[in-house]
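Okay, structure first, notes after.
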Amino acid sequence: MIIRRIFPAKDIVEIHEELRRIYGNNFVVIEINRVKEKSLPFLPFLAKEYTEVIIEIPDEEPIQKQRKPIKESSQKATPLGESSFKEALEKELLLKSLEELKKELATLKEALSKQKVKKINLTWDKGKPKLDKEDEKFLNQLGDEALNLFDLLLEKGVDEKLIVEILKHATGFDIENKIFDLKDQPLNALATAFEELFTFGRLENSEEQTIVSLIGPTGVGKTTTIAKIVSNLVLNHNKKVGVISLDTFRVGGTQRLENYLKVLEIPFRKADTKKAFDVALEDFSDKDFIFVDIAGRSIYDELSWKEVFNIFSSLEEEKLKILLTVSFTMSEDTILEIYNHLKRYKLDGWVFTKADETRKRGVILNVLAKTQMPLFYITNGQKVPHNLLVGSPINLAKVILE
Ligand SMILES: Nc1nc2c(ncn2[C@@H]2O[C@H](COP(=O)(O)OP(=O)(O)O)[C@@H](O)[C@H]2O)c(=O)[nH]1
Ligand SMILES: [Mg+2]
């Protein structure tokens, strides 16, 4: 007698065992076929295989052995009568597909939670970071709003690879539509991503006396920015501040700063030697912050940089914050060249000036990602003290979207 049996499971050994349990050793397998089940209408993306087995047994039907109940029966190969086959198969496939979906979700959740901990670190000394297959797959699943943000960031000059990272943090997976779309309004979604990807520095939270200096190219806005920051600390945070200028050899180099500080009654000293600098520090021992204004100089003027850092040499590392000041109008290459050259000394954070002078402000994001140095301030105009933004995720997002 020829019998046809169908098993949802694919494992031949399992099927064989099951057949043996029913027919003992009295059967011969004539044929085994893998049959592709057309997709179930309610789960169109799942096409499943099952196994058809044709066996021959002696003409007298053996008495069904007292079957032990099969453990986890719905998961194991179960021989079925023809009539109930379809129903049981669908049930089994549905259970399995739900199980798979659950597993997929768990993996997705885990991957997302891991991303939160990790700050970005793009290798940038080997040229522009490239997109890989996974990035492209992700981009293909973006919703409209996320795609708009992608275009905007690209237009602003942000590296593609970084945009992908930003969007991974700014979007959530919409299970129903199977797309990644923004978690929130673009401004908030971007700020969330920036918070997770970059670091931000704050001066006003410092408990101890802090000495702050802005260094960078001539004309970038260091002196003006110091005037803005000290106003902010004095007027909004009630801090005691003193300013020392080492920019003594340029005619009129400090006049505007001096006049401005007078109005705010912030004490000001000039120092042209290390000794004079140390005396000024002593005078300001009661201050919460001492700002040191330095003239700009070529990054390759080694001797002159040594002189500058020598002046700071007697200070404790943690007391001193050196903020590298660059402008939004500079190219990424130039900014990174300066950073790369000066990081051998001591650098603690970024100040980006002149956001008002260009619309292509995305370079700041590339620089923050590639250096992982905290952002302290952004300036966006010549007006003292108004055109100053503290470096925060939301302010950075505003500057990018404006
Ligand atoms: N448009 C614009 N100009 C700025 C900004 N910050 C500073 N400046 C101008 O840049 C010029 C050089 O500024 P200064 O502070 O002397 O630069 P320093 O040589 O680095 O000390 C001045 O004319 C400032 O008014 C800014 O955020 N936006
Ligand atoms: Mg200056």
Side-chain angles (χ1 to χ4, degrees), residues 203-204 206 208-235 237-327 338 342 345-349 351 353 376-377 379 382-385 387-388:
L203 288 180
E204 61 269 17
S206 170
E208 265 190 275
Q209 185 187 62
T210 307
I211 292 139
V212 185
S213 186
L214 273 60
I215 65 170
T218 311
V220 81
K222 298 181 297 297
T223 306
T224 313
T225 305
I226 287 182
K228 292 172 185 173
I229 299 173
V230 297
S231 317
N232 177 44
L233 290 172
V234 169
L235 301 174
H237 299 280
N238 217 7
K239 299 290 185 188
K240 282 187 264 171
V241 179
V243 177
I244 303 172
S245 174
L246 302 180
D247 188 1
T248 53
F249 56 88
R250 285 194 311 161
V251 179
T254 59
Q255 201 52 56
R256 268 173 69 191
L257 176 68
E258 228 179 311
N259 294 342
Y260 182 76
L261 295 176
K262 246 186 216 142
V263 177
L264 286 179
E265 296 179 346
I266 295 172
F268 176 82
R269 301 274 187 283
K270 280 186 185 182
D272 47 10
T273 61
K274 175 150 173 51
K275 190 148 188 280
F277 179 74
D278 288 342
V279 169
L281 282 184
E282 195 58 42
D283 285 352
F284 289 155
S285 58
D286 66 322
K287 305 291 183 229
D288 301 311
F289 289 96
I290 301 169
F291 278 76
V292 184
D293 187 36
I294 302 176
R297 57 205 73 216
S298 154
I299 53 166
Y300 296 111
D301 187 353
E302 237 20 276
L303 205 69
S304 155
W305 282 113
K306 278 199 180 121
E307 244 170 57
V308 168
F309 284 91
N310 183 44
I311 282 190
F312 296 130
S313 61
S314 55
L315 298 171
E316 288 165 47
E317 277 260 315
E318 315 87 74
K319 275 187 88 170
L320 179 65
K321 293 265 178 272
I322 296 195
L323 306 182
L324 182 53
T325 308
V326 294
S327 135
I338 296 173
L342 294 181
Y345 298 107
K346 172 182 161 63
L347 296 177
D348 299 285
V351 174
T353 63
F376 275 75
Y377 293 99
T379 76
Q382 290 185 291
K383 280 189 213 126
V384 182
N387 297 138
L388 177 76

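For Thr273, the side-chain hydrogen bond (donor to acceptor under 3.5 Å, both in side chains) criterion is met by no residue, not counting sequence neighbours. Residues forming a salt bridge (Lys or Arg N to Asp or Glu O under 4.0 Å) with Asp288 (at least two apart in sequence, or on another chain): none. Taking the side-chain contact (heavy atoms from CB on, under 4.5 Å) definition, one finds that Ser213 meets it with Ile215, Val292, Ile294, Phe312, sequence neighbours left out. In this structure, Glu307 has no salt bridge (Lys or Arg N to Asp or Glu O under 4.0 Å) partners at least two apart in sequence or on a different chain. Judged as a salt bridge (Lys or Arg N to Asp or Glu O under 4.0 Å), and not counting sequence neighbours, the contacts of Asp283 are Arg269. Listed by chain and number, the residues in a salt bridge (Lys or Arg N to Asp or Glu O under 4.0 Å) with Asp278 are Lys274 (sequence neighbours excluded).
Annotation: side chain of Val212 is not in contact with side chain of Ile229 (no heavy-atom distance under 4.5 Å).
Within the 3.5 Å criterion, the main-chain N or O of Asn387 finds a donor-acceptor partner in the side chain of Lys228. The backbone N or O of Val220 sits less than 3.5 Å from a side-chain atom of Thr353, completing a donor-acceptor pair. At distances below 3.5 Å, at least one donor-acceptor pair connects side-chain atoms of Lys222 with backbone N or O atoms of Pro217. Lys346 contributes no side-chain N or O that, together with a main-chain N or O of Ile322, makes up a donor-acceptor pair within less than 3.5 Å. Remark: side-chain polar atoms of Ser285 are paired, donor with acceptor, to backbone N or O of Glu282 under 3.5 angstrom.
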Note to self: If you apply the rule side chain to side chain contact (heavy atoms under 4.5 Å, CB included), what do you find for Trp305 with Leu342, and how did you get there?
What the structure shows: CA-CA 9 Å; Trp305 282 113; Leu342 294 181; 3.8 Å; yes
Item checked: Pair Phe291-Leu233, side chain to side chain contact (heavy atoms under 4.5 Å, CB included): steps then yes or no -> CA-CA 11 Å; Phe291 278 76; Leu233 290 172; 3.6 Å; yes
Next item on the list: Evaluate the criterion side chain to side chain contact (heavy atoms under 4.5 Å, CB included) for residue pair Val234 and Ile266; output intermediate values, then yes/no.
Entry: CA-CA 9 Å; Val234 169; Ile266 295 172; 3.8 Å; yes
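Summarising the local packing, CG of Asn238 is surrounded by 12 or fewer heavy atoms from other residues, nucleotides or ligands at distances under 6.0 Å.
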